[in-house]
Amino acid sequence: MGCWSAENATKAFLKTMNMGKRATEPNGAEFISALAAGNNAQIMVAACANVADSTSLALVAAAQQTGGRVVCILRGVEQLHLSKMALGTNSSHLEFVVANSQALEMLLPNYYKDADFIAVDCNIQNHEEILGSLQKSRRDKSTIILGYNAFCKESWRSSPLRTQLLPIGEGLLLTTIAAKAKKGTDRGTENRGHWIVKIDKCTGEEHVYRVKSPRRRVVET
């Protein structure tokens, strides 16, 4: 991921809104698209519980803005056929992979080490184990990990996962994993931060801000 691009984020946001008019109603999709595009994500992966959803379309919009690629992982051949029918011409912008939920625990951390944006549907039965395996993995590059449809499961209330819950759409669990560093070398500055959600008392609109923490040097020994 590169530096934050407000232009990429805005264009991907608007493109996702236009896509949503022809597809199912977005579920926080505009935010997901803006987040991926704004961070200039190049390899994006979406693991869906059923057919490809608005999150997949959101990443397609982001990829069209950044020049990246999108991998959509589905649990079966039936879901693959239904997804292609539902997405129409947009399906040509996705690379489809079929894998069951148990395989995802090994597939995402190991085969997609070069991915810089991974979205996991919390409707997948073992989504916590999948997100946990990603958090423990050593990544080739900094990676944004996103669990979407978090409110569909009550487990987020007592989850041991190190994530931030954003009350957007059906709930988003957000975390970032830093790229692995070579032993004995300076990892440089880690750009940590956190998200703040504010609600406009007059309109009821939710506004999400990312606040960066002061930079600090981190050396792995």
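Just so it is clear, the values below take in all heavy atoms, side chains as well, and ignore hydrogens, waters and symmetry mates. All values reported here derive from a predicted model rather than from experimental measurement.
Counting only distance, with no hydrogens or angles, the side chain of Ser33 and the backbone of Leu59 share no donor-acceptor pair below 3.5 Å. Although no hydrogens or angles enter the test, the distance criterion places no donor-acceptor pair under 3.5 Å between the side chain of His93 and the main chain of Asn90. Proximity of a side-chain donor or acceptor of Gln79 to a complementary backbone N or O of Gly76 within less than 3.5 Å is detected. Proximity of a side-chain donor or acceptor of Asn100 to a complementary backbone N or O of Ala103 within less than 3.5 Å is detected. In this structure a side-chain-to-backbone donor-acceptor pair under 3.5 Å is present from Asp53 to Thr55. In this structure, Ser91 contributes its side chain and Leu87 its backbone to no donor-acceptor pair below 3.5 Å. A distance-only check finds no donor-acceptor pair linking the side chain of Ser142 to the backbone of Ala178 [under 3.5 Å]. Of the possible polar contacts, none joining the Thr16 side chain to the Ala29 backbone as a donor-acceptor pair under 3.5 Å is found. The closest donor-acceptor contact from the side chain of Asn123 to the backbone of Ala49 lies at 3.5 Å or more, if one exists at all. With hydrogens and angles disregarded, a donor-acceptor distance shorter than 3.5 Å links the side chain of Lys141 to the backbone of Asp114.
Counting heavy atoms from C-beta outward, Cys122 and Leu173 have side chains that approach closer than 4.5 Å. Counting only heavy atoms from C-beta outward, the side chains of Thr175 and Gln164 never approach each other to under 4.5 Å. Between Phe31 and Leu172 there is a side-chain heavy-atom pair separated by less than 4.5 Å.
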**Q.** Test log, rule side chain to side chain contact (heavy atoms under 4.5 Å, CB included), inputs Asp116 and Ile144
**A.** CA-CA 6 Å; Asp116 41 17; Ile144 293 175; over 6 Å; no
(Q) Does Leu174 form a side chain to side chain contact (heavy atoms under 4.5 Å, CB included) with Thr163? I'd like the steps, not just the answer. (A) CA-CA 5 Å; Leu174 179 67; Thr163 58; over 6 Å; no
Q: List the steps, then state whether side chain to side chain contact (heavy atoms under 4.5 Å, CB included) holds for Phe117 with Asn39.
A: CA-CA 9 Å; Phe117 194 101; Asn39 281 285; 6.0 Å; no
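With values rounded to the nearest 0.5 angstrom, Leu131 atom CG is found 12.0 Å from Lys136 atom NZ. Within the model, atoms CG of Leu134 and CG of Leu104 stand 9.5 Å from one another, a figure rounded to the nearest 0.5 Å. For the atom pair Ile177 CD1 and Gln135 CD, the distance stands at 6.0 Å (nearest 0.5 Å). To the nearest 0.5 Å, atoms CD1 (Ile145) and OG (Ser133) are separated by 9.0 Å. Annotation: the span from Phe13 atom CZ to Glu30 atom CD amounts to 5.0 Å, rounded to 0.5 Å. Rounding to the nearest 0.5 Å gives a distance of 9.0 Å between CG of Leu74 and CG of Leu94.
Looking at every heavy atom in both residues, Ser92 comes nearest to Thr89 through OG-O, 2.7 Å. Minimum heavy-atom separation, Ala52 to Cys72: CB-SG, 3.9 Å. Between Val70 and Ala63 the shortest heavy-atom distance is CG2-CB, 3.6 Å. Across Ala47 and Tyr148, no two heavy atoms sit closer than the pair O-OH, 3.7 Å. Pairing each heavy atom of Ala36 with each of Ala62, the nearest pair is CB-CB, 3.8 Å.
Residues in residues 82-99 take part in these salt bridge (charged side-chain N to carboxylate O under 4.0 Å, His left out) pairs, two or more places apart or across chains: Arg69-Glu95.
Evaluation of the side chain to side chain contact (heavy atoms under 4.5 Å, CB included) rule for Tyr112 yields Val45, Val71, Ile73, Val97, Leu107, Leu108, Ala115 as partners, not counting sequence neighbours. In this structure Arg75 satisfies the salt bridge (Lys or Arg N to Asp or Glu O under 4.0 Å) test with no other residue, sequence neighbours excluded. Partners of Ser56 under the side chain to side chain donor-acceptor pair (under 3.5 Å) rule, at least two apart in sequence or in another chain, do not exist in this structure. In this view, Glu105 satisfies the salt bridge (Lys or Arg N to Asp or Glu O under 4.0 Å) rule with no residue, not counting sequence neighbours.
In summary, the side chains of Glu128 and Asn126 do not present any donor paired with an acceptor at a separation below 3.5 Å, with no hydrogens or angles considered.
When the side chains of ILVMFWY residues are joined at heavy-atom separations under 4.5 Å, either directly or via intervening members, Ile118 and Ile43 end up in two distinct hydrophobic clusters.
Grouping Ile, Leu, Val, Met, Phe, Trp and Tyr residues whose side-chain heavy atoms lie under 4.5 Å apart, directly or via other members, places Leu82 in a hydrophobic cluster with Val51.
Gln102 CD: more than 12 foreign heavy atoms inside a 6.0 Å radius.
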